[in-house]
Amino acid sequence: MPVRIPRTFFDRPTLRVARELLGARLVRLHEGQRLSGRIVEVEAYIGQDDRASHARMGPTLRNAAMFGPPGHAYVYLIYGVHTCLNLVTEEEGFPAAILVRALEPVEGIEQQQRWRGNVPLRNLARGPGRLCRALGIDRSFNGVDLCSETSTLWVEFDRHYADEAIACSPRIGVRGDETAIRAPWRFFVADSPWVSGSATFNRGSVHPCPTTSP
DNA sequence: GGATCGATCGGCT
DNA sequence: GCCGATCGATCCG
């Protein structure tokens, strides 16, 4: 039986957690059925000094989950249209989270297709808004404890990817050209057809993978 | 495959 | 008022 990833996993430096989440399986339980996908792309948002983070202006009602304990979900609405899922990391009080950007579909694909309007399989969960729609994740999941045995959303260990299979790049969709904001805090499975972004961007902007943050 | 543009809401300045 | 950690439709090559 697969087991939920425990809170101790999330209660660690965010870049390490982000790297190790690649290959893990995100599971949503819906009416007794498992809907899931393998995480193939993530982005790290670390601390109040991260100019791209929602936590940059300090704690607010919206970003409260980022300041809360690790192992919880931070879910928000973007552009008035799409939902994004983050997994909160590091000790309570320190605002950090990992944006889940793409999944390789694994279980309950038919239900996911229904929620997605029968788009091509490749686009089922390729992008942060798309994967939320595929798994039926809305803002009612904000603050949910992924490590509680009673929640209907969690993460399991699944595949392991060697370092050579992993690539890094600047985060997608963040504005500004300061070096700090361009930190290569996006991790993805190189050459996976399931990651978002264009092939040329994914190949052309690859950085060495960082292991420590400022 | 790539560029552009509109949608549409909540949260902050 | 302004502006997003985006997506899909549409147009072009």
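Each chain gets a letter, A, B and so on, in the order its sequence line appears, and its residues count up from 1. Both backbone and side-chain heavy atoms feed into the values below; hydrogens, waters and symmetry mates do not.
- At least one side-chain nitrogen or oxygen of R116(A) sits closer than 4.0 Å to the OP1 or OP2 atom of dG8(C).
- Stacking between Y45(A) and dA5(C) is present: the aromatic ring centre lies within less than 5.5 angstrom of the base six-membered ring centre, and the two planes differ by under 30 degrees.
- Across every strand in view, dA7(B) sits in a pair with dT6(C) that passes the Watson-Crick or G-U test at under 3.5 angstrom.
- Taking the charged nitrogens against the carboxylate oxygens, R12(A) and E20(A) do have a contact shorter than 4.0 Å, which makes a salt bridge.
- Here R171(A) lies out of heavy-atom contact (under 4.0 Å) with every strand.
- At a threshold of 4.0 Å, the pair E43(A)-R171(A) does not count as salt-bridged, since none of the basic side-chain nitrogens sits closer than that to a carboxylate oxygen.
- Mapping R139(A) and H82(A) onto DNA chain B by nearest heavy atom places H82(A) closer to the 5' end of the strand.
- Taking the side chain as every heavy atom from C-beta outward, D50(A) and R56(A) never approach each other to under 4.5 Å.
- Cluster annotation: L26(A) and F188(A) are assigned to the same hydrophobic cluster (Ile/Leu/Val/Met/Phe/Trp/Tyr, side-chain heavy-atom contacts under 4.5 Å, transitive).
- Nearest to the side-chain atoms of P128(A) among the listed nucleotides dC12(B), dT6(C), dG2(B) stands dT6(C).
- Out of dC7(C), dA5(C), dC9(B), the shortest distance to the side chain of L77(A) is found at dC9(B).
- With distances taken from any side-chain atom of T200(A) to the nucleotides dT8(B), dG2(B), dA5(C), the minimum falls on dG2(B).
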